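Because the structure is predicted, anything quoted here is derived from the model rather than measured.
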Amino acid sequence: MRIRIVDAFTDRPFAGNPAGVLLLDAFPDDDRLQRVALEVNHSETAFAHRLPAGGEADWALRWFTPATEVAMCGHATLATAHVLHTTGAHEGPVRFATRSGVLTATPREDGAITLDFPTAPLTPVQTPAGVAEALGAEPRTVLDTGPNIGDLLVEVADEKTVRGLAPDLTALAAHSERGVIATARAEDPARGYDYVSRCFFPNVGIDEDPVTGSAHTALAPFWSERIGRPDLTGLQASSRSGRVRTELRGGRTLLSGHAVTVIDGELLV
């Protein structure tokens, strides 16, 4: 199997969120996919194979963390589209058949790729007991992000609070299916971003995800309502950092970013 490591939501290597990408003739059994994802040991590894012409999608796509298969992943979808376009395996918009329905990735003239994902349904909830202590900050607002995402979206006081979080991940794991998205409005929008976030996903084997496309399907509607614009830029303030441009279109959210291939090799077993 040819395997590539791609840094997504960045235009430079060793930043953004790395993902493994494997283009296959067909999916092997689930145990083998999980073992490969564990060996790659990035937050997500994407596996894709071409589908017959004439259907509703061009490629089948699945995503695995080192611990489990997930229903949606933005950065590994971006990484897969980048590999398809840079290798000539696919030209123009590509439609992926996934557990979250058909997702489209469209190359842009500036070299970025735009993903068309379902907007996460946000439901306000009472702050669960223990969340503030586990996160290490007092929530202002807490929302459930629905079944595709499976996170709690937690607004905290300010950007400084988001950047300084050092959560108790064991305690945090008890409060959602995947994890917690912590967010706040940007301290200074003149720096080129409108809001900041960090994502902690202990339930799927990811202590902190560097840049999370799927989380922005919840962040986009949350901040668009408060800021009053459908087009925003989010900064995920992890140690690797990355920016996601979002455009809210009702039931769909467009996520745009660049990607860089950093490793191209062969899986020998």
Side-chain angles (χ1 to χ4, degrees), residues 1-9 16-53 55-87 89-90 93-106 113-118 120 145-151 177-179 199 201 203-206 209-217 252-253 255 257 259 261 263-267 269:
M1 299 181 187
R2 187 83 169 268
I3 183 168
R4 297 169 176 87
I5 306 299
V6 177
D7 290 342
F9 291 114
N17 200 353
V21 178
L22 292 93
L23 305 183
L24 310 172
D25 295 327
F27 291 136
D29 63 82
D30 288 4
D31 180 68
R32 179 161 175 78
L33 296 176
Q34 189 63 72
R35 287 175 179 270
V36 171
L38 179 59
E39 187 73 13
V40 173
N41 204 34
H42 287 313
S43 58
E44 308 282 351
T45 298
F47 302 90
H49 71 75
R50 194 186 302 273
L51 294 172
E56 66 173 2
D58 307 301
W59 291 75
L61 178 62
R62 298 172 70 182
W63 313 279
F64 285 76
T65 77
T68 190
E69 185 174 10
V70 296
M72 181 184 291
C73 179
H75 86 277
T77 304
L78 178 65
T80 304
H82 170 78
V83 169
L84 291 175
H85 294 136
T86 56
T87 62
H90 191 94
V94 54
R95 301 166 298 167
F96 294 111
T98 79
R99 287 174 58 180
S100 295
V102 175
L103 306 176
T104 303
T106 303
I113 293 171
T114 295
L115 308 178
D116 184 338
F117 272 39
T145 60
N148 283 341
I149 307 301
D151 298 329
E177 180 181 345
R178 182 174 72 165
C199 294
F201 302 144
N203 286 333
V204 293
I206 305 167
D209 197 34
V211 190
T212 313
S214 60
H216 285 76
T217 66
R252 309 295 295 184
T253 296
L255 312 170
T261 302
I263 295 174
D264 187 347
E266 186 178 357
L267 187 67
V269 294

Q: Would you indicate whether the side-chain heavy atoms of Thr104 and Leu115 approach each other to under 4.5 Å?
A: no

Q: Does Arg252 reach the side chain of Thr217, with side-chain heavy atoms less than 4.5 Å apart?
A: no

Q: Is there a side-chain contact between Leu103 and Pro118 in this structure, where contact means two heavy atoms from C-beta onward sitting under 4.5 Å apart?
A: yes

Q: Kindly give the heavy-atom pair with the smallest separation between Arg99 and Glu69, and that separation in Å.
A: NH1-CG, 3.3 Å

Q: Could you tell me whether the side chain of Ile3 reaches within less than 4.5 Å of the side chain of Val21, counting heavy atoms only?
A: no

Q: Is there side-chain contact between His75 and Ser214, with heavy atoms separated by less than 4.5 Å?
A: no

Q: State, with a plain yes or no, whether a side-chain heavy atom of Leu255 is found less than 4.5 Å away from one of Ile113.
A: no

Q: Which value, rounded to the nearest 0.5 Å, describes the distance between Arg4 atom CZ and Thr86 atom OG1?
A: 7.0 Å

Q: Does either side chain, that of Trp59 or that of Thr80, offer a donor lying less than 3.5 Å from an acceptor on the other one?
A: no

Q: Determine the minimum heavy-atom distance between Leu61 and Ala46, stating which atoms define it.
A: CD1-CB, 3.9 Å

Q: Considering all heavy atoms of both residues, which atom of Gly20 and which atom of Ile5 are nearest to each other, and what is their separation?
A: CA-CD1, 3.9 Å

Q: State plainly whether the residues Arg50 and Asp25 are in salt-bridge range, i.e. N to O under 4.0 Å.
A: no

Q: Are side-chain heavy atoms of His90 and Asp58 found at a separation under 4.5 Å?
A: yes

Q: Would you indicate whether the side-chain heavy atoms of Glu44 and Phe64 approach each other to under 4.5 Å?
A: no

Q: How close do Ala81 and Ala105 get, counting heavy atoms only, and between which atoms?
A: CB-CB, 3.6 Å

Q: Side chains of Asp7 and Asn17: donor-acceptor distance under 3.5 Å anywhere?
A: no

Q: Search all heavy atoms of Gly150 against all heavy atoms of Thr145 and return the closest pair with its distance.
A: N-OG1, 3.5 Å

Q: Mark yes or no: Arg62 above the aromatic ring of Phe27, with NZ or CZ under 6.0 Å from the six-membered ring centre and no more than 45 degrees from the axis.
A: yes

Q: If the test is side chain to side chain donor-acceptor pair (under 3.5 Å), which one of Thr68, Thr65, Asp151 qualifies with Arg178?
A: Asp151

Q: When you look at Phe201 and Thr212, which way does the side chain to side chain contact (heavy atoms under 4.5 Å, CB included) test go after all the steps?
A: CA-CA 10 Å; Phe201 302 144; Thr212 313; 3.7 Å; yes

Q: What is the distance from atom CE of Met1 to atom CG of Leu24, rounded to the nearest 0.5 Å?
A: 5.5 Å

Q: Pair Val36, Phe47 - check side chain to side chain contact (heavy atoms under 4.5 Å, CB included), show working.
A: CA-CA 10 Å; Val36 171; Phe47 302 90; 3.9 Å; yes

Q: Could you go step by step and tell me if Thr98 and Trp63 meet the side chain to side chain donor-acceptor pair (under 3.5 Å) rule?
A: CA-CA 9 Å; Thr98 79; Trp63 313 279; over 6 Å; no

Q: Using every non-hydrogen atom in the two residues, find where Pro66 and Asn41 come nearest and quote the distance to one decimal.
A: CG-OD1, 3.7 Å

Q: Is it true that the side chains of Thr253 and His216 contain a donor and an acceptor less than 3.5 Å apart?
A: no

Q: Using modelled atom types and a 3.5 Å cut-off, is there a donor and acceptor pairing between side-chain atoms of Ser100 and backbone atoms of Ala71?
A: yes

Q: Which value, rounded to the nearest 0.5 Å, describes the distance between Glu39 atom CD and Leu267 atom CG?
A: 8.0 Å

Q: Using a 3.5 Å distance criterion without hydrogens, assess whether the side chain of Arg95 forms a donor-acceptor pair with backbone atoms of Val102.
A: no

Q: Would a distance-only check, ignoring hydrogens and angles, find a side-chain to backbone donor-acceptor pair under 3.5 Å from His82 to Ala8?
A: no

